[in-house]
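Inspection log for the structure reproduced underneath, given as structure tokens.
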2 protein chains.
Amino acid sequence: MSEIICTVDIVLLTLKEECLHVALLRREHEPFKGVLALPGGYIHAEEDADTHAAAVRTLQAKTGIASPYLEQLATFSGPGRDPRGWSISISYYALVPENLIGEAGHPHVELLPVERLKGLPFDHLQIVEAAVSRVRNKSSYSSLPVYLCGEAFTLPRLQAVYEAVLGEPVNKVSFRRKIDELGILEPIEGALETGKANRPAQLYRLRKEYRDRLSLTDRALNAR
Amino acid sequence: MSEIICTVDIVLLTLKEECLHVALLRREHEPFKGVLALPGGYIHAEEDADTHAAAVRTLQAKTGIASPYLEQLATFSGPGRDPRGWSISISYYALVPENLIGEAGHPHVELLPVERLKGLPFDHLQIVEAAVSRVRNKSSYSSLPVYLCGEAFTLPRLQAVYEAVLGEPVNKVSFRRKIDELGILEPIEGALETGKANRPAQLYRLRKEYRDRLSLTDRALNAR
DNA sequence: ATTTGTTAGTTGCAATATTAAACTAAGTTG
DNA sequence: CAACTTAGTTTAATATTGCAACTAACAAAT
């Protein structure tokens, strides 16, 4: 009955040079040994409390990155996607600030722009595309992109992050109003981003209660 | 490695007496023999092209219903959800008009209101709640609820369906404008809903290109 | 045949939301 | 200290929404 191969795959996304990048690793074993692929691995029934735990464990083991925003994306399946046989991949996506990959991430993690990816094994291209599409969609009516920022950031920076994810400019006044309505940010008292040749910007941080919870709006931030 | 139990479960939803109902069946085998549960079953690796095909097959076999709007919901997993061992349920949700369950559906299908469900085995309550929540959310910015209507329906009827799903009244003028913008409907030439003691309403049908594709708006139909 | 009641479908307008453009604020650089 | 640059706010125009009132078209009652 169940000679089904059960795995998890993680689409770890970050913003690098104002473009979404996905973290890939060279496979250590066959099939596709040496080929760049999504971090993933078998579910360990003895050890994992559920597939989310399997994804957390796998991401930590393969990339060194712990507890980012991690959400289930979808399950991909079929007899052809893995040459070893009928397989299931419960895929997750994660968003992290770029510096976190440099600091906590293993040195062999490679970041590639999500546009014009090619040569990915299995159905990993399809999985990445689904993740990017999900992130773009969700970003237009939620606080999702804040997870691409670090601890502290300015509103102009956050706006640039939204614009990079959405792929289009957004109105400054509307953006600030929507972010205000989301109620997710708090100003860091007395902390300004100085050093640049202009008026310094207020630094903000994510409120504690939204560290791993999204905030949603009913009106989109952009025009989609 | 893989003594993992792989199943699909389907949350088949319909509108009955203006309330969302879920289709349940009494389990024929242990565990939970005789208890009302979601239609579901093992993935057949020899036979199924993927989990979507497994869901279609299972739904057809257990309820007699073929090719409704069927979409993947999420994957539920863990050692405790099924007493037989570490298991995975790739769950799907489907929307059908009520009469379809009466006609094509097997006679032992039971429809229960999704509110105040209790006594469901496994984590089926959680799965139903996730499905209902997804449907409510998606309905506010898409054409999803049309799949709860039959072949032909009037705009006032469709509005009542939206209101039942969303759980709140929607503005008539705005509703009609949004539905018009969705571009999913075409009037059935010369077909009016007669017989009632008032002006007859125009009958509409879903355009061919949207029979299994949603149409989305960026502005919600309601206030959420 | 005409009036009454009821719901379908539209129109006009007031209230609300969005956005562009202009403005003020506050720093660095030359 | 004038020039420049970006932060953040204000104002006004534009677009969207939603209420209320309207006309339309039927059946049932008179």
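Order of the sequence lines fixes the chain letters, A, B, ..., with proteins taken first and strands second; residue numbering starts at 1 for each chain. Please read all numbers here as calculations on a predicted model, not as lab measurements.
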Inset, instruction - From the options B:T51, B:I43, B:D48, select the one residue that forms a side chain to side chain contact (heavy atoms under 4.5 Å, CB included) with A:S77. - result: B:T51
Inset, instruction - Mind calculating the distance between CG (A:N171) and P (D:dT10) to the nearest angstrom? - result: 16 Å
Inset, instruction - Please tell me which of the listed nucleotides, D:dG8, C:dG9, C:dT7, lies nearest to the side chain of B:N198? - result: C:dT7
Inset, instruction - Among the candidates D:dG8, D:dC19, C:dA17, find the nucleotide nearest to the side-chain atoms of A:R219. - result: C:dA17
Inset, instruction - Kindly say whether the aromatic ring centers of A:F153 and A:Y204 come within a distance under 6.0 Å. - result: no
Inset, instruction - Take the protein atom CZ of A:R157 and the nucleotide atom P of D:dT6, then report the distance between them rounded to whole Å. - result: 15 Å
Legend entry - Any B:R205 side-chain heavy atom under 4.5 Å of B:E151 side chain: no
Legend entry - Proximity to the side chain of B:R177 - top-ranked nucleotide from D:dT17, C:dA26, D:dG8: D:dT17
Inset, instruction - Among C:dT10, D:dG8, C:dT18, find the nucleotide with the atom closest to the side chain of A:P156. - result: D:dG8
Inset, instruction - Considering only NZ, NE, NH1 and NH2 on the basic side and carboxylate oxygens on the acidic side, decide whether B:R26 and B:E110 come within less than 4.0 Å. - result: yes
Legend entry - Donor-acceptor pair present, B:K172 side chain and D:dG18 base, under 3.5 Å: no
Inset, instruction - Just compare C:dG9, C:dA20, C:dT10 and give me whichever is closest to any side-chain atom of B:R199. - result: C:dG9
Legend entry - B:S174 side chain near D:dT17 phosphate (N/O to OP1/OP2, under 4.0 Å): no
Inset, instruction - Please tell me which of A:K178 and A:G195 maps to the more 5' nucleotide of DNA chain C, matching each residue to the nucleotide holding its nearest heavy atom. - result: A:K178
Legend entry - OP1 or OP2 of C:dG9 under 4.0 Å from side-chain N/O of B:R176: yes
Inset, instruction - Tell me which of A:A197 and A:L155 sits closer to the 5' end of DNA chain D, going by the nucleotide each one is nearest to. - result: A:A197
